[in-house]
Amino acid sequence: MTERIICIIIGYFIGAIIQTGYWIGRFSHIDIRNYGSGNAGTTNVMRNLGRKAGLLTYAFDMLKVVFSDVIIHFLFGNNLGNEMLLFLYSGFGVVLGHNFPFYLKFKGGKGIAASSGVIISLLVFPKHCWLFTIVGMIMFGSVTYLSKYVSVGSLTALTVWFLQFCLWIVIGWLPLSTSDAIEGCVLVFIITALGFIRHRSNLVRLANGTERKIGQKKE
């Protein structure tokens with residue numbers, strides 16, 4: 001239990017401090033949270049500061065999960081199953097820090113880039129873990145392209161990741177013990193649920209038909 005708490009704490013502080021969209025906004029002499037959707041995530045940065053700023057925001061918000069996991073590896077890495085579970089705890093901490101940074105009155109991003117970093121971090125594990133990233137990319141890309149909504153593509157990819165993770169557990173494709181597998185599944189569910197919670201305003205706009213599509217100018 002101590003290892004799990006440490007992983008969450010390390011992940012949280014890395015996720016909070018490397019608040020990429022906020023710092024890029026400050027470099028441009030604005031608080032990005034006062035523009036557009038009011039969050040410090042990739043989509044809002046891209047819409048207000050341009051494609052390059054948005055891609056840079058995504059890259060660093062994704063990579064901070066990898067950075068956190070490298071620290072966890074050198075602190076606790078001992079066996080595949082245990083390390084995978086600790087990576088999930090670390091990633092969960094990063095998502096929390098990204099969404100609720102303590103020094104910004106707990107107002108950060110929506111956690112999609114950080115969540116994708118959690119998925120990508122599982123590439124280091126054997127068997128079929130690489131499929132999480134491949135399927136996630138396909139789902140996000142195809143659903144976003146067809147729907148023209150980034151929020152729909154993002155939430156679809158997260159949901160499919162959760163379903164995949166549960167299926168991989170059932171058919172024995174993850175290097176986790178039974179108890180750790182259930183614990184991991186709960187963590188993946190929480191990360192997915194956080195994505196939906198942080199996108200609740202998007203879901204309301206989707207229901208009302210007022211969500212902005214890709215390329216649509218703000219009225």
When rounded to the nearest 0.5 angstrom, what is the spacing between [atom1] in [X] and [atom2] in [Y]?
{"X": "N34", "Y": "I30", "atom1": "CG", "atom2": "CD1", "value": "8.5 Å"}
{"X": "I134", "Y": "I119", "atom1": "CD1", "atom2": "CD1", "value": "11.5 Å"}
{"X": "L55", "Y": "R51", "atom1": "CG", "atom2": "CZ", "value": "6.5 Å"}
{"X": "L167", "Y": "C185", "atom1": "CG", "atom2": "SG", "value": "10.5 Å"}
{"X": "S115", "Y": "K110", "atom1": "OG", "atom2": "NZ", "value": "13.0 Å"}
{"X": "I72", "Y": "I14", "atom1": "CD1", "atom2": "CD1", "value": "7.5 Å"}

Can you classify the ring geometry of [X] versus [Y] as parallel (below 30°), tilted (30 to 60°) or perpendicular (above 60°)?
{"X": "W168", "Y": "W173", "answer": "perpendicular"}
{"X": "F87", "Y": "F125", "answer": "perpendicular"}
{"X": "F132", "Y": "F165", "answer": "parallel"}

Do any N or O atoms from the side chain of [X] and from the backbone of [Y] form a donor-acceptor pair under 3.5 angstrom?
{"X": "R47", "Y": "N44", "result": "no"}
{"X": "H98", "Y": "V94", "result": "no"}
{"X": "S68", "Y": "V65", "result": "no"}
{"X": "T156", "Y": "V152", "result": "yes"}
{"X": "Y12", "Y": "F102", "result": "yes"}
{"X": "R198", "Y": "G109", "result": "yes"}
{"X": "N39", "Y": "G41", "result": "yes"}
{"X": "D180", "Y": "L176", "result": "no"}

Using a 4.5 Å cut-off on heavy atoms from C-beta on, say whether the side chain of [Y] contacts that of [X].
{"X": "E183", "Y": "R4", "result": "yes"}
{"X": "I112", "Y": "L158", "result": "yes"}
{"X": "I5", "Y": "Y89", "result": "no"}
{"X": "I24", "Y": "I32", "result": "no"}

Please check if atom OH in Y103 has more than 12 non-hydrogen atoms from other residues, nucleotides or ligands closer than 6.0 Å.
->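 Yes, OH of Y103 has more than 12 neighbouring heavy atoms, counting only those of other groups under 6.0 Å.
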
Crowded around F67 CZ? As in, over 12 foreign heavy atoms under 6.0 Å?
->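 It does not: F67 CZ has 12 such atoms or fewer within range.
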
So N82 and E3, side chain to side chain contact (heavy atoms under 4.5 Å, CB included) or not? Walk me through it.
-> CA-CA 10 Å; N82 180 255; E3 290 180 348; 3.9 Å; yes

Is it the case that T57 and T20 place a side-chain donor and acceptor less than 3.5 Å from each other?
->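 Looking only at side-chain atoms, T20 and T57 do not form any donor-acceptor pair under 3.5 Å.
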
State whether a side-chain donor-acceptor pair under 3.5 Å links Y149 with S154.
->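 Checked: Y149/S154 side chains show no N/O donor-acceptor pair below 3.5 Å.
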
Taking every non-hydrogen atom, the tightest pair across [X] and [Y]:
{"X": "S151", "Y": "L206", "answer": "OG-CD1, 3.9 Å"}
{"X": "F60", "Y": "I18", "answer": "O-CG2, 4.4 Å"}
{"X": "L49", "Y": "G25", "answer": "CD1-CA, 4.0 Å"}
{"X": "A181", "Y": "I169", "answer": "O-CD1, 3.2 Å"}
{"X": "F162", "Y": "T192", "answer": "CB-OG1, 3.7 Å"}
{"X": "A113", "Y": "T42", "answer": "CB-OG1, 4.1 Å"}

Under the salt bridge (charged side-chain N to carboxylate O under 4.0 Å, His left out) test, residues paired with R33 that sit two or more places apart |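 So R33 forms a salt bridge (charged side-chain N to carboxylate O under 4.0 Å, His left out) with D31.
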
Tell me, please, which residues at least two apart from K64 pass salt bridge (charged side-chain N to carboxylate O under 4.0 Å, His left out).
->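 Applying salt bridge (charged side-chain N to carboxylate O under 4.0 Å, His left out) to K64 gives D61.
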
Do the side chains of [X] and [Y] join up, straight or via other hydrophobic residues, at under 4.5 Å, putting them in one cluster?
{"X": "F189", "Y": "M84", "value": "yes"}
{"X": "Y145", "Y": "V150", "value": "no"}
{"X": "I138", "Y": "Y58", "value": "yes"}
{"X": "V118", "Y": "M137", "value": "no"}
{"X": "I171", "Y": "L131", "value": "yes"}

Taking it one step at a time, do L96 and L194 satisfy side chain to side chain contact (heavy atoms under 4.5 Å, CB included)?
-> CA-CA 9 Å; L96 285 179; L194 277 173; 3.9 Å; yes

Kindly determine whether C129 and L174 satisfy side chain to side chain contact (heavy atoms under 4.5 Å, CB included), including the steps that lead there.
-> CA-CA 7 Å; C129 291; L174 295 179; 3.8 Å; yes

Please lay out, stage by stage, how W23 and I17 fare under the test side chain to side chain contact (heavy atoms under 4.5 Å, CB included).
-> CA-CA 10 Å; W23 294 117; I17 293 170; 5.6 Å; no

